[in-house]
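Structure, as structure tokens:
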Amino acid sequence: MEEVRRRVLLDAEQIGHRMHALAARLAPRLAQDQVTVVPILGGAVVFAVDLIRLLPPVLMLEFLRIQTYGDGRVPLKEPLVDWRPHPENIRGHQVLLLDDILDTGRTMAEAQRFLREEMGAAEVLSVVMVDKPARRQLPIEADDYMVRVEEDLFLVGCGLDYAGRYRNLPQLCALEAEVQV
Ligand code: IMP
Ligand code: MG
């Protein structure tokens, strides 16, 4: 597969600085115990691996997977949870919900509803690597983010994929215009 043309928005060093700053803002907001980090699979895994190592070492780790897109980028009717955390690690806990990007908001809205209403989380703190408000469909905001990108760009790297690839890029990049989807 030929590599797509892309432009670096943040390099690894800039991301490192922003991750430390984000962790410093989050640490005082975390409860003393009963905190469970829940990255949304698979995009948030790279973000989570970097972030949790900068946070106090009392966190539990669980995973949630939500399908919002079918094979392409055609939205499914309803977002579908197809991997859920262990209930005993969510009920009554403060959940630090992590996602790669907050775009339309459909994934985050379903994740929050599921963790609160179906799994009994005491509190859900939602943090994303990228806040991209340009295409928001729902009135939802993250509690914090590593970076906000105002332009409607298609981003890759640091967990974000284009056709399943580029998740392992250490930089945050935008696809060049001719390959935007
Ligand atoms: P939502 O539209 O806020 O529900 O975001 C759903 C998912 O769309 C994200 O978790 C990503 O997997 C994907 N997505 C949205 N924007 C981008 C992007 O710019 N690059 C790569 N994936 C994206
Ligand atoms: Mg994703």
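Worth saying up front: this structure is predicted, and the values here are computed from it rather than measured. Every heavy atom of this structure was used, including side-chain atoms; hydrogens, water molecules and symmetry mates were not. Both ligands and their constituent atoms are indexed starting at 1 by order of listing. Sequential numbering from 1 along the given sequence is applied to the chain's residues.
- Within a 6.0 Å radius of CZ in R165, other residues, nucleotides and ligands contribute 12 heavy atoms or fewer.
- The pair R136-D131 meets the salt-bridge criterion, with a side-chain N (NZ, NE, NH1 or NH2) lying under 4.0 Å from an Asp/Glu carboxylate O.
- The shell of residues lying under 4.0 angstrom from ligand 1, judged by heavy atoms, includes G105.
- Heavy atoms of V156 found under 4.0 angstrom from ligand 1: none, in either backbone or side chain.
- A heavy-atom separation below 4.0 Å is found between K132 and ligand 1.
- Ligand-side atoms of ligand 1 in range of L155: 18 (C), 19 (O), 20 (N), 21 (C), range being under 4.0 angstrom from any heavy atom.
- Residue-ligand proximity, T107 to ligand 1, at heavy-atom distances under 4.0 Å covers atoms 1 (P), 4 (O), 5 (O), 6 (C).
- Looking at D103 next to ligand 1, an N or O pair under 3.5 Å apart turns up.
- Partner T36 forms a side-chain hydrogen bond (donor to acceptor under 3.5 Å, both in side chains) with one of E88, H86, H93 and no other, that one being H93.
- Residue-environment remark: CZ (R113) exceeds the threshold of 12 foreign heavy atoms within 6.0 Å.
- Within the 4.0 Å heavy-atom criterion, neither part of M108 lies near ligand 1.
- For E62, the salt bridge (Lys or Arg N to Asp or Glu O under 4.0 Å) criterion is met by no residue, not counting sequence neighbours.
- Annotation: E151, atom CD; neighbour count of heavy atoms from other residues, nucleotides and ligands within 6.0 Å does not exceed 12.
- Comparing heavy-atom distances from atom 2 (O) of ligand 1 across T104, L102, V128 singles out T104 as nearest.
- Under the side chain to side chain contact (heavy atoms under 4.5 Å, CB included) test applied with H17, the options E13, M19, H20 reduce to a single match, E13.
- At a 4.0 Å cut-off, at least one heavy atom of L153 sits close enough to ligand 1 to count as contact.
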